[in-house]
Amino acid sequence: GKDGYRHYMEKELHEHPVVIGQTLQRLIDPATRRVVLPDLPFDMASVPRAVITACGSAFYAGMIGRYWLESVARIPVDIDVASEMRYRDPPLTPGGMGLLISQSGETADTLAALRGMRAHRQHIVSVLNVEQSTMARESDVVLGTAAGPEISVASTKAFTAQLSVLACLAIAAGRQRGVVSPDQEQALVASLLDLPSRAGEVFDQADAIRRMAAVIAGARDVLYLGRGSSFPVALEGALKLKEVSYIHAEAYAAGEMKHGPISLIDQTVPIVATVPSGRLFEKTLSNLQEARARGGRLLVFTDTQGAERLRGIAEIVVAIPTVDEFTAPVLQTIPVQMLAYEVALLKGTDVDQPRNLAKSVTVE
Ligand code: F6R
């Protein structure tokens, strides 16, 4: 049941902290605080390349996974949505890692991409929530997400569980490739283990998120912005808003705004930006100032460290706990999903069963 929540989506949003914790528990040894993966049938130290594919939200999780595999493990990565990947026919060096991500394990395009990669002699590693699924049976290794059943058609908790697995995969790969030292591994693991309690604190911001929702609910179009690993968070926020509120939303890498979408900006198109403190903070801030100067209404998700700078330029600032740059996208995903839910409530849509959507897309 819904345990007293109005919708499964609301219940599942509140499960983020627990799901992150349970997923990490499977992959981190509590005694040594090191990542322990199941045995892989190949050597991460010498794998030439990773190819990531998935659909929808799982694809956005994969985009964040790409940042981690590149920056933490220094593995070259190619990524595409499965419906493109399966027909692109990219030249793949045998012995590469094919990394599939799926909540259901049944998505037709992702499964077809898996089979295509296998035909090109890739090692198939799947990040799956349903471990008794077709993809599970056809994979060399399954890295399970411990999200439990996800009933809401719009995915929520599966996303942070997928990120938890991908972060661990990047750390383990980095160690095996000699680019993550034992000290660095301890620090990265510590920041992951800190996530469940920090994720719980995100819900303290519910009132401010509702104020944002009131602005969004009156809009026809919304622009989501982010840079680096916050760009997939923006994509996820825009997708979730479209799915459950039927409001048109687009996500852009903040630096791309001046190459086109800035022409959309006026008081009627609210901008939802995800701007955690860190390396890309100032860059994104200057993009937001440009939008502000053109009359854009800024609704910003940041952390406590970034909040002060943003209060001067944004109409509404939601500050969640400041965490390591590495884990920031995991935490920043939660408020953008909460925002979509709150807008759907204001719009009175069928939150758990949006029109035209199915939980598992088993046809192409
Ligand atoms: C978004 C959503 C979809 C799924 C996509 C992939 O809220 O639910 O975009 O993420 O259909 O589904 P799985 O992960 O089952 O392969």
Side-chain angles (χ1 to χ4, degrees), residues 7-13 15-16 19 23 52-65 79-86 98-117 124-139 142-166 224 232-247 249-251 333-334 336-341 343-344 349-364:
H7 299 98
Y8 282 106
M9 185 177 181
E10 184 183 34
K11 176 187 174 211
E12 290 165 5
L13 279 165
E15 288 173 341
H16 275 298
V19 155
T23 302
I52 303 178
T53 195
C55 299
S57 283
F59 173 69
Y60 302 143
M63 286 179 73
I64 295 171
I79 179 165
D80 210 340
V81 290
S83 55
E84 289 298 312
M85 188 66 88
R86 61 181 292 193
L99 184 56
L100 292 303
I101 306 161
S102 175
Q103 189 283 127
S104 63
E106 302 294 345
T107 302
D109 283 316
T110 311
L111 181 60
L114 181 158
R115 290 173 179 160
M117 287 185 192
I124 306 298
V125 178
S126 295
V127 178
L128 302 175
N129 197 43
V130 180
E131 292 182 51
Q132 309 295 326
S133 55
T134 310
M135 276 183 234
R137 284 192 296 276
E138 298 195 19
S139 300
V142 174
L143 301 176
T145 50
E150 196 181 60
I151 309 291
S152 161
V153 166
S155 183
T156 54
K157 59 178 178 168
F159 191 90
T160 53
Q162 287 158 353
L163 293 183
S164 302
V165 170
L166 293 167
Y224 281 71
V233 174
L235 287 160
E236 166 65 5
L239 175 65
K240 217 98 304 178
L241 186 74
K242 283 181 276 206
E243 286 186 290
V244 300
S245 79
Y246 314 145
I247 294 172
E250 265 194 84
T333 298
I334 301 171
V336 299
Q337 292 180 342
M338 288 169 70
L339 176 61
Y341 175 71
V343 177
T349 57
D350 190 353
V351 178
D352 286 334
Q353 296 277 338
R355 65 188 187 201
N356 308 337
L357 295 177
K359 183 66 185 159
S360 170
V361 184
T362 53
V363 290
E364 184 177 349

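For ligands, and for the atoms within them, numbers begin at 1 and follow the listed sequence. Sequence positions, counted from 1, serve as the residue numbers for this chain. These numbers come from the heavy atoms of this one structure, side chains and all, not from hydrogens, waters or symmetry mates.
Ala251 meets the side-chain contact (heavy atoms from CB on, under 4.5 Å) test with Tyr224, Ala234, Leu235, Ala238; sequence neighbours excluded. For Glu364, the side-chain hydrogen bond (donor to acceptor under 3.5 Å, both in side chains) partners are Arg86, Tyr87, not counting sequence neighbours.
For the 3.5 Å distance criterion, the side chains of Glu106 and Thr134 qualify, holding a donor opposite an acceptor.
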Begin with the C-alpha distance, continue with both residues' side-chain angles, and end with the deciding distance and a verdict on side chain to side chain contact (heavy atoms under 4.5 Å, CB included) for Val361 and Cys55. CA-CA 10 Å; Val361 184; Cys55 299; over 6 Å; no
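Sorted by chain and number, the residues within 4.0 Å of ligand 1 by heavy atom are Cys55, Gly56, Ser57, Ala58, Ser102, Gln103, Ser104, Thr107, Val153, Ala154, Ser155, Leu239, Lys240, Glu243.
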For residues 144-151, tabulate all N or O donor-acceptor pairs below 3.5 Å that involve a side-chain atom, not counting sequence neighbours.
from   : atom 1 : to     : atom 2 : distance (Å)
Thr145 : OG1    : Leu128 : O      : 3.2
Thr145 : OG1    : Asn129 : N      : 3.3
Thr145 : OG1    : Asn129 : OD1    : 3.0
Glu150 : OE1    : Ser155 : OG     : 3.1
Glu150 : OE1    : Lys359 : NZ     : 2.7
Glu150 : OE2    : Ser155 : OG     : 3.2
Glu150 : OE2    : Thr156 : N      : 2.9
Glu150 : OE2    : Lys157 : N      : 3.3
Glu150 : OE2    : Ala158 : N      : 3.1

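In this structure, the side chain of Thr110 does not engage the main chain of Ala54 through any donor-acceptor pair within 3.5 Å.
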